[in-house]
Amino acid sequence: MERPLTQHMKPDGSALDISEYEKTGGYRAVRKALTMAPKEIQEMVRNSNLRGRGGAGFNTGQKWSFVPMGDDAPRPKYLICNADEMEPGTFKDRMLVEKNPHQLIEGMIISAFAIQADIAYVFLRDEYKTAGRRIAGAISEAYRSNYLGKNILGSDYSLDFHLHTSAGRYMCGEETALLNALEGKRATPRAKPPFPQTSGLWGKPTVVNNVETLCNVPHIVKNGVEWYKGLSRSEDGGTKIYGVSGRVKRPGLWELPMGTTVREIFDEHAGGMQDGYKFRCLIPGGASTEFLTGEHFDVKMDFDSVMKAGSRMGTGTMIVLDDTICPVGALYNLELFFARESCGWCTPCREGLPWVVRILKAIEEGHGEPDDLEKLEMHGKFLWLHFTYCALAPGAMEPLRSGLKLFRDEFERHIKEKRCPYENVPAARMNV
Amino acid sequence: MLSDQEKQGIEAELENYEHKRAACVEALKIIQRSRGWVQDDGLHDAALALGMTEEELDGVATFYNLIFRRPVGRHVILICNTISCWIMGYNPVREHLSRRLEIEPGETSADGRFTLLPVPCLGACDHGPAMMIGNELYGDLTPGRIDAILEKYGWESD
Ligand SMILES: Cc1cc2nc3c(=O)[nH]c(=O)nc-3n(C[C@H](O)[C@H](O)[C@H](O)COP(=O)(O)O)c2cc1C
Ligand code: SF4
Ligand code: FES
């Protein structure tokens with residue numbers, strides 16, 4: 001099985017330096033790309049069916065194709081790598097930046113060239129200290145070898161490259177809020193349209209892509225569309241970095257063919273449940289996706305298949321809930337996160353999420369009322385797509401909506417018995 | 001007044017961005033690194049250097065979880081309280097920290113050494129419960145492992 005993104009990573013977890021990276025074939029794709037027409041690279045990436053790994057799964061080449069090209073395109077144009085990774089349960093981009101920063105830089109150079117960007121930023125969360133140190137070092141190395149800067153490798157293409165470290169706020173990962181954050185403003189989102197591809201950073205054409213998305217690009221350019229599609233077991237191209245956290249035997253990350261089943265990831269790679277714990281359900285792709293249950297073990301983890309199963313693949317990093325965990329407590333924990341991280345820009349989310357949290361807290365503490373479930377369902381309807389300014393609130397509603405259906409009896413038991421049946425489980429206690 | 005070092009740091013950051021205000025998060029971090037937190041006068045001086053109003057800069061400062069507009073201890077403990085860590089036992093670890101340092105989340109210990117702040121996911125979910133102190137990340141925490149970690153930062157059991 002081929003693992004283009006991770007196969008060269010060192011077992012001791014240290015980063016490949018530039019000469020080690022070059023020895024694995026690194027930066028060869030840049031040389032090839034510089035001989036191609038930018039539009040040709042866009043086409044290639046579109047045909048490879050690389051879909052955005054930030055969670056939404058938009059075709060990457062198609063996303064790029066909306067950027068104005070040619071001599072009269074507004075300048076400067078920007079390419080931004082979204083390395084804000086703060087979605088609870090998600091830890092894949094950390095590994096990609098820490099263990100192979102040059103792969104990301106190479107992906108960014110080619111992507112920037114494909115849209116003829118002049119300036120590139122890595123938008124990194126501040127807590128990723130090791131990643132920050134390593135990517136900064138790698139950027140210097142790449143400048144010294146003229147993979148970055150003026151007239152890259154003697155071509156007439158130039159690229160300025162910067163690292164921006166943020167200061168901790170989930171909203172900064174939303175792509176238009178990220179643009180405001182980079183401009184030194186509060187990270188509230190912008191209305192779309194105009195889309196960032198035509199009016200992004202400082203009003204100029206901008207593409208924002210996820211770390212993992214960008215890391216795929218050199219391999220597509222080097223090995224071609226057919227090879228890339230062949231890596232996958234589904235319509236979406238390539239491999240995927242899947243992850244599992246929770247009470248499994250071997251929590252971790254694995255690069256596997258796109259479309260690997262939930263069962264294979266859970267059983268073979270994560271090793272199944274720890275002894276003494278039973279599987280209850282999982283959230284397939286970070287906190288803002290709907291629950292899947294044991295019935296869904298044969299679902300393929302790709303964007304369309306998980307959608308058909310009633311959830312979203314999201315970031316592809318699953319969170320496993322075991323039978324000692326109170327589902328109401330888990331939802332309280334999830335919604336508390338979203339309520340705290342809400343940017344406050346639009347009323348339904350700013351006011352609605354704290355209300356959801358208060359209701360869940362009351363139910364968990366044994367003060368729930370029978371009509372509380374209706375109130376929660378109402379929020380599930382009105383904090384949904386098109387009622388709020390960005391996808392944070394609808395994302396918050398995904399686990400809530402599915403949790404209300406799936407754990408109806410658990411909710412009712414809390415309300416009827418006026419207590420949490422799991423109250424003696426340490427993890428089930430609520431956060432302050 | 002900004003110190004010379006702070007001034008130079010901010011000047012250097014301004015070089016990195018096309019517009020002054022874009023350097024504001026870095027400027028706030030520079031002040032915080034030297035003083036521990038961002039006081040009103042630091043905010044005022046930084047706003048001047050960035051060509052922003054104090055209100056604009058405060059709006060940005062208060063948006064971020066990791067810019068402190070109130071005093072914090074010498075070591076800020078960032079403990080993840082979101083889903084994977086919570087499942088793996090955030091509560092017992094957090095309660096142990098609270099008992100040892102005699103502080104609740106959001107508070108600073110009496111000796112000014114530690115502040116305890118629950119934060120969202122640290123991207124170490126496969127090693128939950130996780131926390132950070134300074135640049136160090138600690139994973140697979142249990143209450144039993146906490147004392148030895150705190151001792152590295154000068155905590156003494158009595
Ligand atoms: C609240 C919120 C937070 C997000 N955080 C991230 C993030 O940390 N990293 C990321 O790549 N995408 C994040 N996204 C998705 C981005 O808005 C965007 O879709 C993505 O960066 C596009 O890259 P892709 O096309 O390569 O997937 C977030 C979205 C929302 C609504
Ligand atoms: S949905 Fe929430 S996070 Fe998004 S703009 Fe509205 S208040 Fe902000
Ligand atoms: S949920 Fe705690 S590190 Fe991710």
Side-chain angles (χ1 to χ4, degrees), chain A residues 76 85-94 119 125-130 162-172 181-188 202 243-247 251-253 283 287 317 319-322 325 329-330 333-334 336-337 340-341 343 426-432, chain B residues 16-29 32 50-52 56-57 59-67 78 80-95 98 104-106 118-130 132 134-137 140 143:
Chain A
E85 191 164 71
M86 276 181 79
E87 174 91 13
T90 305
F91 47 105
K92 66 186 180 69
D93 296 339
R94 174 203 282 276
I119 302 174
R125 65 178 298 192
D126 189 51
E127 297 89 331
Y128 282 6
K129 301 288 183 190
T130 305
H162 305 279
L163 170 65
H164 173 89
T165 40
S166 189
R169 193 73 194 258
Y170 175 55
M171 255 314 274
C172 295
L182 258 185
E183 290 184 8
K185 300 183 185 134
R186 284 171 75 89
T188 49
W202 309 110
V244 181
S245 64
R247 294 252 176 229
L253 295 166
I283 315 180
T317 42
I319 304 155
V320 173
L321 274 73
D322 59 79
I325 293 295
N333 179 284
L334 289 164
L336 186 65
F337 159 77
R340 285 186 175 163
E341 293 297 316
C343 79
R429 286 203 293 279
M430 288 191 300
N431 291 350
V432 286
Chain B
N16 254 328
Y17 296 90
E18 296 151 276
H19 301 261
K20 272 186 172 179
R21 69 172 300 154
C24 70
V25 181
E26 289 302 334
L28 291 165
K29 284 199 235 169
Q32 184 161 295
L50 295 160
M52 295 168 79
E56 280 175 319
L57 186 58
V60 176
T62 52
F63 193 86
Y64 287 106
N65 298 337
L66 301 178
I67 300 294
L78 303 175
C80 169
N81 73 351
T82 44
I83 189 76
S84 305
C85 289
W86 177 78
I87 290 172
M88 298 305 288
Y90 155 78
N91 272 300
V93 171
R94 202 280 296 162
E95 283 160 14
S98 282
E104 289 301 306
V119 292
C121 184
L122 291 170
C125 327
D126 52 343
H127 291 288
M132 283 182 79
N135 291 343
E136 274 323 294
L137 175 70
D140 302 307

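Quick note: numbers below take in every heavy atom, side chains included, and nothing from hydrogens, waters or symmetry partners. So you know, we letter chains A, B, ... as the sequences are listed, proteins then strands, and number each from 1. All of these numbers come straight from a predicted model, not from anything done at the bench.
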Review point. Which region of Val25(B), side chain (C-beta onward) or backbone (N, CA, C, O), has a non-hydrogen atom less than 4.5 Å from a non-hydrogen atom of chain A, or is it both or neither?
Key: side chain
**Study point:** Portion of Cys125(B) that has a non-hydrogen atom of chain A nearer than 4.5 angstrom
**Key:** both
Practice item. Carefully, step by step, assess Tyr90(B) and Cys80(B) under the rule side-chain contact (heavy atoms from CB on, under 4.5 Å). Key: CA-CA 8 Å; Tyr90(B) 155 78; Cys80(B) 169; over 6 Å; no
Exercise for review: Check whether NZ of the Lys or CZ of the Arg Arg94(A) lies under 6.0 Å from the centre of the six-membered ring of Phe91(A) and within 45 degrees of that ring's axis.
Suggested key: no
Point to revise | chain B contact via Asp322(A) - which portion, at a heavy-atom distance below 4.5 Å | key: side chain
Exercise for review: Using non-hydrogen atoms and a 4.5 Å limit, figure out which bit of Glu87(A) sits close to chain B: side chain, backbone, both or neither.
Suggested key: backbone
Review point. Non-hydrogen atoms of chain A under 4.5 Å away: do they reach the side chain of Leu137(B), the backbone, both or neither?
Key: side chain
Point to revise | Test item: Gln32(B) side-chain N/O and Leu66(B) main-chain N/O as donor-acceptor pair under 3.5 Å | key: yes
**Study point:** Selection from Pro76(A), Ala187(A), Pro251(A), Ala181(A) maximising heavy-atom pairs under 4.5 Å formed with chain B
**Key:** Ala187(A)
Review point. Do Glu341(A) and Arg169(A) sit within salt-bridge range, that is, some charged N less than 4.0 Å from a carboxylate O?
Key: yes
Point to revise | chain B contact via Arg186(A) - side chain, backbone, both or neither, heavy atoms under 4.5 Å | key: both
**Study point:** SG-CZ distance between Cys121(B) and Phe337(A), expressed to the nearest 0.5 angstrom
**Key:** 8.0 Å
Practice item. Can you tell which part of Glu127(A) gets under 4.5 Å to a heavy atom of chain B, answering side chain, backbone, both or neither? Key: both
Point to revise | Closest contact, heavy atoms only, Leu50(B) versus Ala27(B) | key: CD1-CB, 4.0 Å
**Study point:** Options Gly106(B), Gly59(B), Ala23(B), Cys24(B), ranked by heavy-atom pairs under 4.5 Å with chain A, top entry
**Key:** Gly59(B)
**Study point:** Set of side chain to side chain contact (heavy atoms under 4.5 Å, CB included) partners for Glu26(B), sequence neighbours left out
**Key:** Thr165(A), Glu13(B), Tyr17(B), Lys29(B)
Practice item. Count the heavy-atom pairs under 4.5 Å between each of Gly168(A), Ser245(A), Ala167(A) and chain B, then report the option with the highest count. Key: Ala167(A)
Exercise for review: Could you have a look at Ser166(A), Cys172(A), Gly184(A) and say which one has the most heavy-atom pairs with chain B under 4.5 angstrom?
Suggested key: Gly184(A)
Practice item. Select one option (side chain, backbone, both, neither) describing which atoms of Thr317(A) are under 4.5 Å from chain B's heavy atoms. Key: neither
**Study point:** Pairing residues for Thr130(A) by the side chain to side chain contact (heavy atoms under 4.5 Å, CB included) criterion, not counting sequence neighbours
**Key:** Glu98(A), Arg133(A), Arg134(A)
Practice item. Begin from the C-alpha positions of Lys92(A) and Glu85(A) and carry the test side-chain contact (heavy atoms from CB on, under 4.5 Å) through to its verdict. Key: CA-CA 8 Å; Lys92(A) 66 186 180 69; Glu85(A) 191 164 71; 3.5 Å; yes
Revision key, fill the gap. Counting heavy-atom pairs under 4.5 angstrom with chain A, the leader among Asn135(B), Leu78(B), Asn65(B) is Asn65(B)
